[in-house]
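Take a look at this one; I'll ask things after.
Each chain gets a letter, A, B and so on, in the order the sequences are listed, and its residues count up from 1.
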Protein chains: 2
Amino acid sequence: MLHNRVKELRARFGFTQGDLGERVGVTRQTISFIEKGDFSPSVSLALKIAREFEIKVDELFWLEGDRKT
Amino acid sequence: MLHNRVKELRARFGFTQGDLGERVGVTRQTISFIEKGDFSPSVSLALKIAREFEIKVDELFWLEGDRKT
DNA sequence: ACTAAATGTAATGTATACTTAACATAATGT
DNA sequence: ACATTATGTTAAGTATACATTACATTTAGT
């Protein structure tokens with residue numbers, strides 16, 4: 001199971017799902033699915049999203065029971 | 001375009017493609033495809049591979065023209 | 001109350017990640 | 001020379017990421 005902080009960071013940056021999708025080249029539905037944890041995006045997309053938030057992929061996405069802290 | 005250091009690190013750890021695949025739950029062909037850059041794995045798989053090598057996803061995979069140094 | 005923007009969600013379609021099976025080749029050990 | 005192991009690669013199938021369209025609900029602004 002994969003977890004993420006996309007929704008939290010998107011809110012912090014004041015982006016809508018549509019904004020973020022546009023910036024990283026996917027639709028708002030794709031962002032919505034990712035936030036819901038419905039699927040595991042490609043590492044390319046994960047890198048693009050992490051880049052928008054200026055953090056590392058490992059700080060945005062983590063595997064169940066694998067949290068840093 | 002996505003680049004990675006999987007082959008280099010796998011060699012450093014003395015794993016065969018089969019060894020690594022088994023550890024992260026995919027076939028050796030999948031590891032082979034990833035090393036060749038044929039596709040962008042899911043972030044779940046990227047996290048598992050990075051964990052094996054004890055490095056961050058961002059140090060294993062990067063987008064064209066996005067290299068840290 | 002009305003409108004517009006943002007989100008949730010569902011259906012269907014396409015692209016691509018990943019599997020399975022197979023065959024070829026190179027390298028190593030006996 | 002033979003067997004074994006690792007890798008390259010290809011073809012065909014399955015699973016899933018992601019797009020597109022559409023509609024309902026919520027929230028903020030007037």
For this session: Kindly determine whether A:Thr30 and A:Phe39 satisfy side chain to side chain contact (heavy atoms under 4.5 Å, CB included), including the steps that lead there.
Result: CA-CA 9 Å; A:Thr30 295; A:Phe39 59 58; 4.2 Å; yes
Exercise. Is the shortest side-chain N/O distance from A:Lys36 to OP1 or OP2 of C:dT9 below 4.0 Å?
Worked result: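 Yes, such a contact exists.
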Exercise. What nucleic acid atoms does A:Thr16 come within less than 4.0 Å of, heavy atoms only: base, sugar-phosphate, or nothing?
Worked result: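 Sugar-phosphate: the residue A:Thr16, judged by heavy atoms under 4.0 Å, touches backbone atoms but no base.
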For this session: Describe, in one word, how the ring planes of B:Phe53 and B:Phe15 are oriented to each other, choosing from parallel (under 30°), tilted (30 to 60°) and perpendicular (over 60°).
Result: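 Taking B:Phe15 first and then B:Phe53, their aromatic rings lie parallel (interplane angle under 30°).
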Problem set entry | Presence of B:Lys7 side-chain N/O under 4.0 Å of D:dA6 phosphate oxygens OP1/OP2 |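 No, B:Lys7 has no side-chain N/O under 4.0 Å of OP1/OP2 on D:dA6.
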Exercise. For B:Glu22, does the CD atom have more than 12 heavy-atom neighbours from other residues, nucleotides or ligands under 6.0 Å away?
Worked result: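 Not more than 12 within 6.0 Å, no.
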Problem set entry | Between P of D:dT9 and CD of B:Glu35, the distance in whole Å |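 Going from B:Glu35 (CD) to D:dT9 (P), I get 12 Å.
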Exercise. Between A:Arg10 and C:dT7, does any side-chain N or O lie under 4.0 Å from OP1 or OP2?
Worked result: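 A:Arg10 to C:dT7 OP1/OP2: side-chain N or O found under 4.0 Å.
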Exercise. In whole angstrom, what separates A:Gln29's CD from C:dT12's P?
Worked result: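 The distance from CD of A:Gln29 to P of C:dT12 comes to 16 Å, rounded to the nearest Å.
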Exercise. Can a side chain N or O of B:Ser42 be found less than 4.0 Å away from OP1 or OP2 on C:dA17?
Worked result: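 For B:Ser42, the contact criterion (side-chain N or O under 4.0 Å from OP1 or OP2 of C:dA17) is not met.
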For this session: Tell me what B:Phe33 touches on the nucleic acid: a base, only sugar-phosphate, or nothing, going by heavy atoms under 4.0 Å.
Result: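 Base contact.
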Exercise. Hey, what do you get for CD (B:Glu59) to CG (A:Asp58), rounding to the nearest 0.5 Å?
Worked result: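 Reported to 0.5 Å precision, the distance equals 8.0 Å.
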For this session: May I have the distance from B:Phe39 (atom CZ) to D:dA17 (atom C1'), rounded to whole angstrom?
Result: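 In whole Å, D:dA17 C1' lies 13 Å from B:Phe39 CZ.
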For this session: For B:Gly25, answer base if it contacts any base atom (sugar-phosphate contacts may also be present), sugar-phosphate if it contacts only those atoms, and nothing otherwise; contact means non-hydrogen atoms under 4.0 Å.
Result: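 If one applies the 4.0 Å heavy-atom cut-off, B:Gly25 turns out to touch the sugar-phosphate alone, with no base involved.
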For this session: Provide, to the nearest angstrom, the distance between the CD atom belonging to A:Glu22 and the P atom belonging to D:dA19.
Result: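 Distance check: A:Glu22 CD to D:dA19 P gives 13 Å.
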For this session: Give B:Thr30 one of three labels, base, sugar-phosphate or nothing, depending on what nucleic acid heavy atoms sit under 4.0 Å from its own.
Result: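 Touches a base.
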Exercise. Per the salt bridge (Lys or Arg N to Asp or Glu O under 4.0 Å) rule, which among B:Arg10, B:Arg5, B:Arg28 passes with B:Glu35?
Worked result: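 Going through B:Arg10, B:Arg5, B:Arg28 one by one, the salt bridge (Lys or Arg N to Asp or Glu O under 4.0 Å) with B:Glu35 is satisfied by B:Arg10 alone.
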Problem set entry | Whole-Å distance separating the NZ atom of A:Lys48 from the C1' atom of D:dA17 |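 Atom-to-atom, A:Lys48 to D:dA17, this comes out as 13 Å.
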Exercise. Phosphate oxygens OP1/OP2 of C:dA17: is one of them under 4.0 Å from a side-chain N or O of B:Ser40?
Worked result: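 No, outside the criterion.
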For this session: May I ask you to evaluate whether A:Thr27 reaches the phosphate of D:dT20, defined as a side-chain N or O under 4.0 Å from OP1 or OP2?
Result: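 So the side-chain polar atoms of A:Thr27 never come under 4.0 Å of the phosphate oxygens OP1 or OP2 of D:dT20.
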Problem set entry | d(CD1, B:Ile34; P, C:dT19) in whole Å |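 About 9 Å, once rounded to whole Å.
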Exercise. When only distance counts, do a donor and an acceptor, one from the side chain of B:Gln17 and one from the base of D:dT5, lie under 3.5 Å apart?
Worked result: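 Absent.
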Exercise. A:Ile31 has an atom CD1; how far is it from atom P of D:dC18, in whole Å?
Worked result: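 Between P of D:dC18 and CD1 of A:Ile31: 9 Å.
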For this session: To the nearest Å, give me how far apart CD1 (A:Ile49) and P (D:dA17) are.
Result: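 After rounding, the reported distance stands at 13 Å.
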